[in-house]
Amino acid sequence: MSNDIFFLAEFADGAPQRSALELAAGATELAAASGGNVVALAYGPGAGDGAAGLGAHGVARAIVLRDDAAPAITAGPAAVEAVRAASPLAVLAPATPNGRDLAAALVGLADLPAFGPVRAVRVVDGIVETEQATLQGSVVTTSRPVDGAPQPSVVLVLANTFTPTEAGSGTAEVSRAEASDHPFTLATIVESHPADAAVVNLEEATVIVAGGRGIGSAEGFGQLDELAAALGGAVGASRAAADAGWVPYQLQIGQTGKVVKPALYIGLGISGAIQHRVGMQTAEHVIAVNKDPDAPIGEFADLFVVGDLFQIVPKLTAEIRRRKG
Ligand SMILES: Cc1cc2nc3c(=O)[nH]c(=O)nc-3n(C[C@H](O)[C@H](O)[C@H](O)COP(=O)(O)OP(=O)(O)OC[C@H]3O[C@@H](n4cnc5c(N)ncnc54)[C@H](O)[C@@H]3O)c2cc1C
């Protein structure tokens, strides 16, 4: 058994995804408390080329599980081998669709204790401790593995729990997992296209484009779908928009809706009432577009654009698409 902290590091086109950089920061924090090393289990297209670069984010070693475009779950058997060989204290997994799949495969194939999705994880006296919000955030539970539980604990970590560190200069030592013929590996992706923004889980979204009464109709939300898709984000709403039936209640942010913590929240046609604000005030950056210069959201937005959202949003979406090529 070791005190190392492993984490699942997802790659696309050779670059670590934001979830990987967040978990590298989290694993570094935990490893400082446990006295172990930080080890990445890298997967996804180009992971083999990009894994060494994780060294710039505190990662000592990276094990490339797979670096093709196969479903994440197919990396499960390789993850099990890597974890069995080192018996780390914890494996942090991002609470993304791929992260959940791979974490579930790891837990199920290796019979390990599982936690999450959590908003906090730490090492206390050599033991992994997690905090999870339940019942719409009204109750916070603290959990640990029981005495004698097998190591590692596998912990699903919600987006934005940790903040990526600035890149330093290190390089991770990279090794490759042995190819496996386990039945889990026998699935392949035949086609992929960008997901419908509306199905992205709001609480896990890194970017949220939220609309309020100012959107005016269900059709008006189509523009928000497009902006969210261009940014790789999710659409949210105020209660006024949900009450009007323009979007389902699952998209409502606020006191009686979801509590979100994206890196970027864009509020369009939302006044910023306190009941909405309590659901999004921990967003890292807030941009608001409102035609009323005195709208309360202007008081706490980092960038407050006074203008007609119907003039601004299409141009913004087009410009983002142009820059993304
Ligand atoms: C117990 C309780 C619980 C509540 N829970 C929630 C909750 O969970 N979530 C929530 O959101 N609310 C909640 N509310 C309601 C809350 O008080 C507000 O009524 C609601 O947030 C207002 O929604 P809004 O900002 O979309 O609408 P409004 O306050 O009507 O604001 C619409 C904004 O759009 C702007 N606008 C209009 N047209 C344009 C345009 N073309 N371009 C740019 N800007 C434009 C206007 O200037 C205005 O500022 C709750 C209320 C109560 C009493």
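Just so it is clear, the model here is predicted, and its values are computed rather than measured. Position 1 is the first residue of the sequence; numbering continues from there.
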**Audit row: Val289, Phe310, side chain to side chain contact (heavy atoms under 4.5 Å, CB included) steps and yes/no** = CA-CA 10 Å; Val289 178; Phe310 295 106; over 6 Å; no

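- The OG1 atom of Thr74 lies 9.5 Å from the CG atom of Leu186; values are rounded to the nearest 0.5 Å.
- Side-chain atoms of Asp49 do not come within 3.5 Å of backbone N or O of Gly14 as any donor-acceptor pair.
- Between Arg122 and Glu131 there is a salt bridge, since at least one side-chain N of the basic residue sits less than 4.0 Å from a carboxylate O of the acidic one.
- For Glu226 and Arg321, the salt-bridge test passes: some basic side-chain N is under 4.0 Å from an acidic carboxylate O.
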**Request:** Step by step, work out the side chain to side chain contact (heavy atoms under 4.5 Å, CB included) result for Ile63 and Val174.
**Result:** CA-CA 6 Å; Ile63 303 168; Val174 178; over 6 Å; no

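- When each of Val154, Val157, Thr161 is tested with Leu92 by the rule side-chain contact (heavy atoms from CB on, under 4.5 Å), just one qualifies, namely Val157.
- In the hydrophobic clustering of ILVMFWY residues, with side-chain heavy atoms under 4.5 Å counting as a link, Leu158 and Met280 come out apart.
- Put simply, the side chain of His276 never gets that close to the backbone of Arg239: no donor and acceptor are under 3.5 Å apart.
- Residues Arg323 and Glu319 are paired through a salt bridge, judged by an N-O separation under 4.0 Å between the basic side chain and the carboxylate.
- The closest donor-acceptor contact from the side chain of Lys258 to the backbone of Gln250 lies under 3.5 Å.
- The main-chain N or O of Ala15 is never found under 3.5 Å from a side-chain atom of Asp13 such that the two would form a donor-acceptor pair.
- In this structure a side-chain-to-backbone donor-acceptor pair under 3.5 Å is missing from Thr130 to Val118.
- Interatomic distance, Ser271 OG to Asp292 CG, rounded to the nearest 0.5 Å: 9.0 Å.
- We find the CD-CG distance between Gln17 and Leu23 to be 12.0 Å, quoted to the nearest 0.5 Å.
- Asp302 contributes atom CG, which lies 9.0 Å from atom CG of Leu264 (distance to the nearest 0.5 angstrom).
- Checked by atom type and distance alone, the side chain of Gln132 never pairs as donor or acceptor with a backbone atom of Thr141 at under 3.5 Å.
- Using a 4.0 Å cut-off between a side-chain N of Lys or Arg and a carboxylate O of Asp or Glu, Arg144 and Glu129 qualify as a salt bridge.
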**Prompt:** Ile208 and Ile253: side chain to side chain contact (heavy atoms under 4.5 Å, CB included), yes or no, with the steps?
**Reply:** CA-CA 10 Å; Ile208 292 178; Ile253 295 167; 4.0 Å; yes

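- At distances below 3.5 Å, not a single donor-acceptor pair connects side-chain atoms of Ser87 with backbone N or O atoms of Arg84.
- Looking only at distances, a side-chain donor or acceptor of Lys324 sits under 3.5 Å from a matching main-chain atom of Ala230.
- The line from CD of Glu22 to OG1 of Thr206 is 6.0 Å long, rounded to the nearest 0.5 Å.
- Phe115 and Val107 are not part of a single hydrophobic cluster, where members link through side-chain heavy atoms under 4.5 Å apart.
- Distance alone, capped at 3.5 Å, places no donor-acceptor pair between the Gln223 side chain and the Thr317 backbone.
- Atom CZ of Phe7 sits about 8.5 Å away from atom CG of Leu41, to the nearest 0.5 Å.
- Leu30 and Val91 sit in two unconnected hydrophobic clusters of ILVMFWY residues. Membership requires side-chain heavy atoms under 4.5 Å apart, directly or through other members.
- No hydrogens or angles considered: nothing links the side chains of Asn98 and Tyr43 as a donor-acceptor pair under 3.5 Å.
- Although no hydrogens or angles enter the test, the distance criterion places a donor-acceptor pair under 3.5 Å between the side chain of Asn290 and the main chain of Ile270.
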**Request:** Applying side chain to side chain contact (heavy atoms under 4.5 Å, CB included), run through Leu89 and Phe6 and close with a yes or a no.
**Result:** CA-CA 8 Å; Leu89 188 61; Phe6 280 30; over 6 Å; no

